[in-house]
Amino acid sequence: MIKKFPISPENEEKLLNNAKNLAGYTIKELANNINISMPNNLKCNKGWIGKLLEYYLGASGGNTAKQDFAHIGIELKTIPINYYGKPLETTFICVVPLINNIGITWISSYLRYKLSRILWIPIEGEQRIPLAKRRIASPILWSPSKIQEQWLKQDWEELMDMIVLGNIEDITSRHGQFLQIRPKAANSKSLTKGIGRKGQQIMTLPRGFYLKKNFTDIIISHHFNLCSNNQYLKKINSYFDII
DNA sequence: CTCTGATCATTT
DNA sequence: AAATGATCAGAG
């Protein structure tokens, strides 16, 4: 019997334990357990797994600009991994503020708030594995280390400088060592307000902050105590142990 | 094979 | 349009 936790947990220990109880189960097992229908793939349901896990763990943020578990200061993120535990996708964190950035610093930024504490739930994500058979891995409760926060701060400041100075159109996903800015929109015709090259208001594509895979790889690798020489030799089963 | 730019669903 | 949840898929 798979446990579901409709009530938001009262502290992070309970949340982490609840998440650990889901490790090893497949997507199909979780869906069947609560009698919800499952799509054949994620093509038209990209956030489906994230919503499923939010439901199981009792996330309460909804579509509001809060953490998923605001009362205990935790954000929930699912992350697709391959056979060796490497991230398959970048991780969206939040929308990039393109205007009204006067006085915003790293410390007061929404990005830093969202990244302050995250419950990562890795999930098998290779497309050769049918969605129904993909397994939930052991969760990782994480906060950025000093050096990790320094890396992110550096990227954030460089990118925000470009935005404030009217160079948003020059930013590509190649900017930033660990943090990148990419489109975050319904399609390429979506528009939002931004600052142009001469300081004028322009309409531009909405953007999002994403963690690059090299960053999330470090989080996952460190958590499972894998050393640099053999970290990718370990089999995926290591990630499904219920600790 | 990997990465960048584009895209999908839903709610407010 | 903007926020939430992310992954797709063609280009290189």
Side-chain angles (χ1 to χ4, degrees), chain A residues 8 19 27 30-31 36-70 74-101 109-111 113-115 118-132 134 136-137 155 159 163 168-194 201-217 232:
Chain A
S8 200
I27 298 295
L30 293 190
I36 61 170
S37 61
M38 191 180 55
N40 289 324
N41 57 63
L42 299 176
K43 185 175 177 179
C44 296
N45 295 273
K46 295 179 182 179
W48 190 82
I49 295 179
K51 296 289 187 191
L52 179 67
L53 271 292
E54 279 191 347
Y55 183 71
Y56 260 92
L57 295 173
S60 55
N63 280 40
T64 63
K66 291 278 182 74
Q67 289 159 316
D68 295 300
F69 303 92
I74 296 175
E75 176 75 13
L76 178 67
K77 288 287 175 196
T78 60
I79 182 168
I81 57 173
N82 68 10
Y83 183 77
Y84 301 102
K86 283 179 69 78
L88 286 166
E89 295 287 347
T90 58
T91 304
F92 170 74
I93 302 300
C94 63
V95 172
V96 179
L98 300 179
I99 56 171
N100 301 134
N101 284 312
S109 69
Y110 186 56
L111 179 77
Y113 165 74
K114 285 287 223 176
L115 289 171
I118 293 181
L119 180 66
W120 296 96
I121 301 188
I123 294 166
E124 283 183 315
E126 287 169 301
Q127 293 213 357
R128 61 176 180 78
I129 306 175
L131 177 60
R134 296 181 194 173
I136 313 299
D155 284 344
L159 291 164
I163 289 168
I168 177 65
E169 306 286 14
D170 295 331
I171 296 178
T172 75
S173 59
R174 276 144 285 188
H175 286 89
Q177 190 178 0
F178 296 107
L179 183 71
Q180 65 181 181
I181 286 179
R182 302 214 313 281
K184 170 61 174 173
N187 54 59
S188 60
K189 277 92 180 172
S190 299
L191 291 173
T192 191
K193 290 177 185 173
Q201 180 179 296
I202 60 169
M203 295 306 285
T204 188
L205 194 56
R207 320 296 167 95
F209 281 120
Y210 296 79
L211 293 178
K212 292 186 175 185
K213 290 192 284 185
N214 58 357
F215 190 83
T216 47
D217 187 25
Y232 299 130

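In what follows, every chain begins at residue 1, and chains take the letters A, B, ... in the order their sequences are listed. Scope of the values below: all heavy atoms of this structure, side chains included, with no hydrogens, waters or symmetry mates.
Remark: the A:Lys184 side chain and the C:dG5 base include a donor-acceptor N/O pair separated by less than 3.5 Å. Remark: the A:Lys46 side chain and the B:dT7 base include a donor-acceptor N/O pair separated by less than 3.5 Å. The base of C:dT7 lies close enough to the side chain of A:Arg182 for a donor and an acceptor atom to sit less than 3.5 Å apart. Interface remark: the A:Gln127 side chain does not form any donor-acceptor pair with the C:dC8 base, using a distance-only criterion of under 3.5 Å.
In terms of phosphate contacts, A:Lys43 brings a side-chain nitrogen or oxygen within less than 4.0 Å of OP1 or OP2 of C:dA9. OP1 or OP2 of B:dT4 has not a single side-chain nitrogen or oxygen of A:Thr172 nearer than 4.0 Å. Residue A:Arg207 has no polar side-chain atom (N or O) positioned under 4.0 Å from OP1 or OP2 of B:dG5. The side chain of A:Lys114 places an N or O atom within less than 4.0 Å of a non-bridging phosphate oxygen (OP1 or OP2) of C:dT4. Between A:Lys213 and B:dC3 there is a side-chain N or O to OP1 or OP2 distance below 4.0 Å. Dashed line: the shortest gap from a side-chain N or O of A:Thr91 to OP1 or OP2 of C:dA6 is not under 4.0 Å.
Atom P of nucleotide B:dA9 and atom CG of A:Asn187 are separated by 12 Å, given to the nearest angstrom. Distance CG (A:Asp217) to P (B:dC3): 11 Å, rounded to an integer number of Å. Between the NZ atom of A:Lys51 and the C1' atom of B:dT11 there is a distance of 8 Å, rounded to whole Å. Between the CG atom of A:Leu42 and the C1' atom of C:dG5 there is a distance of 11 Å, rounded to whole Å. We find that CZ of A:Phe69 is positioned 13 Å from C1' of C:dG5, with the value rounded to whole Å. For the pair A:Asn41 CG and C:dA9 P, the computed distance is 8 Å after rounding to whole Å. Spacing between atom CD of A:Gln67 and atom P of C:dA3 amounts to 17 Å, rounded to whole angstrom units. Protein atom CG of A:Leu205 is 14 Å distant from nucleotide atom P of C:dA3, rounded to whole Å.
Among the atoms of the strands shown, only primed sugar atoms or phosphate atoms (P, OP1, OP2) are found under 4.0 Å from some heavy atom of A:Gly50. Among the atoms of the strands shown, only primed sugar atoms or phosphate atoms (P, OP1, OP2) are found under 4.0 Å from some heavy atom of A:Tyr110. The residue A:Thr90 sits close to a base: some heavy atom pair falls under 4.0 Å. At a threshold of 4.0 angstrom between heavy atoms, the contacts of A:Lys77 are confined to the sugar-phosphate backbone, with no base atom among them. When heavy atoms are screened at a 4.0 angstrom cut-off, A:Pro80 is found touching the sugar-phosphate backbone but no base atom. A:Ile49 comes within contact range of no nucleotide atom at all, as no heavy-atom separation falls under 4.0 Å.
Taking 4.5 Å as the limit, some side-chain heavy atom of A:Leu42 sits within range of a side-chain heavy atom of A:Trp48. With a 4.5 Å cut-off on side-chain heavy atoms, A:Lys193 and A:Met203 count as touching. Annotation: side chain of A:Lys212 is not in contact with side chain of A:Leu179 (no heavy-atom distance under 4.5 Å).
For the residue pair A:Arg207/A:Thr192, the side-chain donor-acceptor check at 3.5 Å is not satisfied. Side-chain atoms of A:Tyr113 and A:Glu75 form no donor-acceptor pair, as typed in the model, at a separation below 3.5 Å.
Going from atom CD1 of A:Ile123 over to atom OG1 of A:Thr78 covers 5.0 Å, rounded to the nearest 0.5 Å.
For A:Gln180, counting side-chain heavy atoms from C-beta on, the closest listed nucleotide (C:dT4, B:dT4, B:dA9) is B:dT4.
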